[in-house]
Amino acid sequence: MNDLISIIIPIYNRQNVIEDCINSIKAQTFQNYEILLIDDGSTDNTLNICEKLSENNNKIKLFKMEHKGVSAARNKGLDEAIGEYVFFIDSDDIIHPNLLEALVNGLKSTDASISGTRVITIPEKRWEKAWELIEKDTSSPDTQYLNHEETLKQVFTSSSPTPLNLIGGVMMKRELIGETRFKTDLYIGEDFYFIYQNLIKGAASVFLKQVWYYSRWHSNNISKNYDFSAFWTRFYRRKLVWQSEEAFGRYEYAKRQKNQAFSSYLLCSSKAQKDKSEVKKMRKVIKEHKKDLLSAKNLKGKLIFLAYLYLPFTQKIHQHLKGKKRTR
């Protein structure tokens, strides 16, 4: 259908927030959409709520599946989508009433295939702030067009989060996505990798300068996990990207991904340091990829890398010193 947006919402145990999400979509100035609710085997009252929301509303389609994770749920949505455009939103988030119209217009007025807005994260206990921000922001949409090369540079080198760091708030032409799907063995960073897979097809982008996507931060956010499996999915996503970038001959971008991969080790090993077996498994992965990771560092960086890897107490001393600086 012409200009139809397929809005994909994966859901798992979100009985207290899913109506907020749906209501923010119903309030959109752009009304030519279908909502694909993918219930990923919820065990609370989520499914019943979704069934009531979809009753007598032909814009809402509900699909039920066994619990397989967010990537599999989004893939189900992609398989069922019939719109010219696909928009992604998480079930605990909300969007500004003008967002869909702004993103569609950005795609229609340029040759871009991807559009998006930056995300503001708000703690659940202060969630009323999100609605306040929506009411206050009556500005007209302002977008920035970036060709393919400029988009890549923005994604890989920007010092601040870009609209393509997370899948929430991103819209794509369905013809760009084609048969590409989310990688189901990733559960942190799977959204970035999906965006990346589509971006490297040569896509240009349109970024909305306003921040019109509101993300709810709560205790169940997966990104708060730091055990070995969480480390591995962080590391592996970056490995996939650096290998791809090297194949394209974009060695600077590959180098940045390698450095981020090592940073994921530092983050997770510091958070999980009380569980020595978990940290040991992380260190083993880093040692296995030592040659690749070292190639991204200058002499000073190599020395720091080797110290952290083979003298674990170095990391503890560094963390202690950073903690003392913060308390001064």
Side-chain angles (χ1 to χ4, degrees), residues 1 4-28 31-83 85-95 97 99-100 119 121-125 127-128 130-131 134 166-172 174 177 181-188 190-191 194 213-225 229-230 233:
M1 291 186 183
L4 178 69
I5 303 173
S6 294
I7 302 172
I8 295 176
I9 310 178
I11 315 166
Y12 180 68
N13 291 349
R14 289 290 186 257
Q15 62 182 15
N16 296 323
V17 297
I18 185 58
E19 289 188 78
D20 263 8
C21 178
I22 299 298
N23 287 336
S24 76
I25 296 171
K26 289 181 177 179
Q28 292 296 299
Q31 285 289 306
N32 189 19
Y33 60 75
E34 61 169 357
I35 299 175
L36 307 178
L37 298 177
I38 317 297
D39 183 77
D40 184 31
S42 294
T43 57
D44 61 2
N45 198 42
T46 296
L47 184 57
N48 291 332
I49 293 172
C50 289
E51 287 174 341
K52 290 179 181 178
L53 289 170
S54 61
E55 285 177 3
N56 303 317
N57 189 330
N58 58 12
K59 288 188 174 184
I60 301 179
K61 302 176 182 178
L62 175 60
F63 300 91
K64 309 169 191 177
M65 58 185 290
E66 294 179 4
H67 184 50
K68 296 181 179 179
V70 66
S71 291
R74 290 194 185 115
N75 287 343
K76 174 63 176 175
L78 288 171
D79 292 341
E80 299 292 343
I82 62 172
Y85 306 100
V86 175
F87 178 76
F88 298 93
I89 180 172
D90 287 340
S91 56
D92 45 0
D93 300 338
I94 62 175
I95 53 178
L99 180 58
L100 294 184
V119 175
T121 301
I122 301 174
E124 188 169 33
K125 63 183 179 181
W127 189 242
E128 70 279 356
W131 296 106
I134 286 176
L166 302 169
I167 199 67
V170 171
M171 183 178 291
M172 298 184 185
R174 195 158 62 98
I177 297 173
R181 295 294 182 265
F182 287 84
K183 194 168 175 56
T184 56
D185 57 348
L186 295 176
Y187 73 92
I188 298 175
E190 81 292 334
D191 46 358
F194 175 78
Y213 187 101
Y214 310 88
S215 175
R216 190 187 308 253
W217 184 255
H218 50 75
S219 59
N220 294 327
N221 287 111
I222 292 176
S223 57
K224 289 185 177 181
N225 293 348
S229 65
T233 192

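Hydrogens, waters and symmetry mates play no part in the numbers below; they use all other heavy atoms, side chains included. The structure presented is a predicted model; accordingly, all values stated were derived computationally and were not measured.
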Of Ile94, Asn57, Leu53, the residue whose pairing with Ile22 passes side-chain contact (heavy atoms from CB on, under 4.5 Å): Leu53
For Asn56, all residues meeting side chain to side chain contact (heavy atoms under 4.5 Å, CB included), sequence neighbours excluded: none
Please identify each residue that fulfils side chain to side chain donor-acceptor pair (under 3.5 Å) with [X], with sequence neighbours left out.
| X | result |
| --- | --- |
| Asp44 | Thr46 |
| Thr233 | none |
| Asn75 | none |
| Tyr213 | Asp93 |

Pairs touching residues 32-43 that satisfy salt bridge (charged side-chain N to carboxylate O under 4.0 Å, His left out), sequence neighbours left out: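 Salt bridge (charged side-chain N to carboxylate O under 4.0 Å, His left out) check on residues 32-43 returns Glu34-Lys61.
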Where at least one partner belongs to residues 47-59, residue pairs that pass salt bridge (charged side-chain N to carboxylate O under 4.0 Å, His left out), sequence neighbours excluded: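 Applying salt bridge (charged side-chain N to carboxylate O under 4.0 Å, His left out) to every pair that reaches into residues 47-59, excluding sequence neighbours, yields Glu51-Lys64.
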Suppose we screen for salt bridge (Lys or Arg N to Asp or Glu O under 4.0 Å). Which residues come up paired with [X], at least two apart in sequence or across chains?
| X | answer |
| --- | --- |
| Glu80 | Lys76 |
| Asp191 | none |
| Asp79 | Arg181 |

Validation row: Leu166, Asp90 side chains within 4.5 angstrom (heavy atoms): no
Sub-4.5 Å side-chain heavy-atom contact between Leu99 and Phe87: yes
From Ile7 atom CD1 to Gln28 atom CD, the distance as rounded to the nearest 0.5 Å: 7.0 Å
Residue pairs fulfilling ring pair (Phe, Tyr, Trp, His ring centres under 6.0 Å) with at least one residue in residues 55-75, sequence neighbours excluded: Tyr12-His67
Those residues that, when tested against Phe88, pass ring pair (Phe, Tyr, Trp, His ring centres under 6.0 Å) (two or more places apart):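 In terms of ring pair (Phe, Tyr, Trp, His ring centres under 6.0 Å), with neighbours along the sequence ignored, Phe88 is linked to Phe182, Phe194.
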